[in-house]
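Contents: one structure, followed by commentary.
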Amino acid sequence: MPKGKIIVIGNEKGGTGKSTLAMHLIAWLLHQKKTVASIDLDGRQGTLTHYIQNRADYAELHHVALELPVHLSVTVRANPDPQQRKEDEDAFIKQLDKLQKENDVIIIDTPGADSYLFRLAHVVADVLITPLNDSLIDLDVLAQIEPETLTIKSPAHYAQTVWQARQQRASQKKPQTRWFVLRNRMMHVSTRNEKLIWKLLEALGKRINFTALSGLGERVVFRELFLKGLTLLDVGKPKVGISMSMPHIAARQELRAILQAIGEDISS
Ligand SMILES: Nc1ncnc2c1ncn2[C@@H]1O[C@H](COP(=O)(O)OP(=O)(O)OP(=O)(O)O)[C@@H](O)[C@H]1O
Ligand SMILES: [Mg+2]
């Protein structure tokens with residue numbers, strides 16, 4: 001694996017499972033003995049930072065070895081003037097360069113809203129993963145849908161953000177970002193709505209160049225894991241204190257399928 005691959009978890013929509021997925025990717029890569037750095041660009045909310053802190057606390061309290069990344073939290077200014085913006089962008093690139101030299105992979109978790117550093121993260125992304133709640137409302141950030149025919153009218157604002165980032169990458173002669181859109185919190189029964197979302201996502205993926213992936217089902221286990229700083233990969237380990245149950249097994253299978261689908265892009 002070349003040093004310093006940058007994986008960004010992004011969506012211009014809140015609460016779609018970005019931080020949860022970021023933590024699971026970090027744990028999986030660490031488990032594979034990769035050196036991993038993580039950046040929480042959502043420093044104000046700090047979900048990923050708290051997740052990692054919970055993990056360190058749990059490891060200490062229960063005397064269990066849990067792998068941890070090198071972690072950095074960044075707070076984006078609300079209204080920067082041009083000079084502050086330039087300073088922040090330069091500082092971000094400098095930090096990234098350093099982390100890239102020292103780590104196999106950098107995982108960047110982003111807030112669910114546009115900002116200057118959010119855009120910069122999308123420009124530096126070798127791989128972009130966009131989790132999406134499994135509903136037509138969430139699809140709205142990617143595409144406008146024609147209500148009568150239920151077909152795609154045009155790409156929407158987040159798709160345009162990614163397009164602009166890709167243009168900027170192309171001007172820097174960097175290879176195109178590999179983009180995966182992942183359906184999260186899927187319901188366990190197949191509905192007409194679910195089939196429609198899948199059909200629209202596949203069609204949109206062909207048009208704006210992403211791979212649509214079937215993701216994680218709706219499961220309460222994720223909330224329990226956050227407070228302990230644990231991931232599905234830790235469940236069932238000696239001394240961890242959570243025994244494997246059916247929902248864990250099912251969720252782990254889904255996670256494995258996601259990691260397999262994107263794994264080649266991460267490792268090459
Ligand atoms: N597959 C899932 N099943 C059930 N709950 C989930 C699932 N994925 C995430 N969640 C829960 O959804 C909530 C939002 O998840 P998370 O914080 O990872 O989203 P986010 O996209 O990072 O949000 P934000 O935009 O606020 O940063 C959390 O309570 C999390 O535990
Ligand atoms: Mg988050």
Side-chain angles (χ1 to χ4, degrees), residues 7-28 38-55 58 69 71-76 78 106-115 117-119 121-122 125 128-135 137-142 157-158 161-162 179-190 194 197-198 212-235 242 245-259 261-262:
I7 302 172
V8 172
I9 319 292
N11 189 352
E12 230 166 302
K13 176 98 179 58
T16 61
K18 295 180 290 296
S19 304
T20 305
L21 181 68
M23 188 69 233
H24 278 80
L25 263 180
I26 292 167
W28 178 65
S38 48
I39 301 179
D40 187 354
L41 256 195
D42 200 356
R44 199 178 298 270
Q45 181 172 276
T47 305
L48 181 63
T49 306
H50 299 156
Y51 208 144
I52 291 169
Q53 188 56 52
N54 293 346
R55 187 171 177 83
Y58 194 85
H71 185 68
L72 211 79
S73 171
V74 176
T75 302
V76 180
I106 326 289
I107 305 277
I108 306 180
D109 185 26
T110 63
D114 191 15
S115 73
L117 290 184
F118 177 87
R119 285 185 178 246
H122 283 73
L128 170 64
I129 307 175
T130 300
L132 200 76
N133 280 330
D134 213 21
S135 88
I137 295 182
D138 273 40
L139 203 58
D140 197 51
V141 296
L142 285 180
H157 56 283
Y158 184 59
T161 301
V162 177
W179 187 15
F180 297 92
V181 175
L182 188 101
R183 296 166 57 204
N184 191 21
R185 310 184 73 158
M186 294 189 303
M187 300 314 279
H188 303 295
V189 281
S190 178
E194 190 246 12
I197 290 173
W198 190 239
L213 293 180
S214 173
L216 299 168
E218 169 70 35
R219 292 179 211 285
V220 287
V221 289
F222 289 103
R223 272 160 244 180
E224 158 201 35
L225 292 172
F226 169 76
L227 282 180
K228 295 180 169 147
L230 299 173
T231 68
L232 290 169
L233 303 165
D234 305 306
V235 172
I242 301 188
S245 67
M246 277 310 287
H248 292 129
I249 294 169
R252 240 155 99 141
Q253 275 166 355
E254 289 164 356
L255 181 69
R256 201 166 298 135
I258 297 168
L259 298 172
I262 57 177

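Both counts, for ligands and for their atoms, begin at 1 and track the order of listing. Position 1 is the first residue of the sequence; numbering continues from there.
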Looking only at protein heavy atoms, what sits closest to atom 31 (O) of ligand 1 is Arg223 CG, 3.7 Å
Filtering Arg185, Arg183, Met23 for the heavy atom nearest atom 6 (C) of ligand 1 leaves Arg185
For Gly14, the ligand 1 atoms with a heavy-atom partner under 4.0 Å come out as 25 (O)
| message | Looking at atom 11 (C) of ligand 1, tell me if a protein heavy atom falls under 4.0 Å from it. | response | yes
For atom 20 (P) of ligand 1, the closest protein heavy atom turns out to be Lys18 N, 3.4 Å
Among non-hydrogen protein atoms, atom 28 (C) of ligand 1 lies closest to Thr20 OG1, 4.8 Å
The protein heavy atom nearest to atom 3 (N) of ligand 1 is Arg219 N, 2.9 Å
With heavy atoms and a 4.0 Å threshold, my read on which part of Asn184 contacts ligand 1 is side chain
Thr16 heavy atoms within 4.0 Å reach ligand 1 at atoms 19 (O), 20 (P), 21 (O)
Kindly confirm whether the Mg ion (ligand 2) is within less than 2.8 Å of some N/O/S atom in Ser19?
yes
To the nearest 0.5 Å, atom CG of Leu48 lies from atom CD1 of Ile26 at 4.5 Å
Value for CE (Met186) from CG (Leu216), rounded to nearest 0.5 Å, stands at 7.5 Å
Any heavy atom of Asp42 under 4.0 Å from ligand 1? The part involved is side chain
Q. Any donor-acceptor pair under 3.5 Å linking the side chain of Gln45 with the backbone of Pro111?
A. no
Notebook entry, point to check: Are Thr47 and His50 close enough that a side-chain donor and a side-chain acceptor fall under 3.5 Å?
Noted result: no
Nearest non-hydrogen contact to atom 1 (N) of ligand 1 from the set Gly17, Gly217, Ser19 belongs to Gly217
Describe, in one word, how the ring planes of Tyr158 and Phe118 are oriented to each other, choosing from parallel (under 30°), tilted (30 to 60°) and perpendicular (over 60°).
tilted
In this structure, CZ of Phe222 is separated from CG of Asn184 (nearest 0.5 Å) by 7.0 Å
Does any N or O in the side chain of His122 come within less than 3.5 Å of the main-chain N or O of Arg119, such that one atom is a donor and the other an acceptor?
no
closest protein heavy atom to atom 26 (O) of ligand 1 is Gln45 NE2, 3.2 Å
task: Examine the side chains of Thr231 and His24 and answer whether a donor and an acceptor come within less than 3.5 Å of each other.
output: no
**Prompt:** Hey, is the main chain of Ala22 close enough, under 3.5 Å, to the side chain of Asp109 for a donor-acceptor pair?
**Reply:** no
Ligand 1 atoms nearer than 4.0 angstrom to some heavy atom of Glu218 are 3 (N), 4 (C)
The reported gap from OH in Tyr58 to CG in Leu225 (rounded to nearest 0.5 angstrom) is 10.0 Å
Closest to atom 24 (P) of ligand 1 among protein heavy atoms sits Gly15 N, 3.4 Å
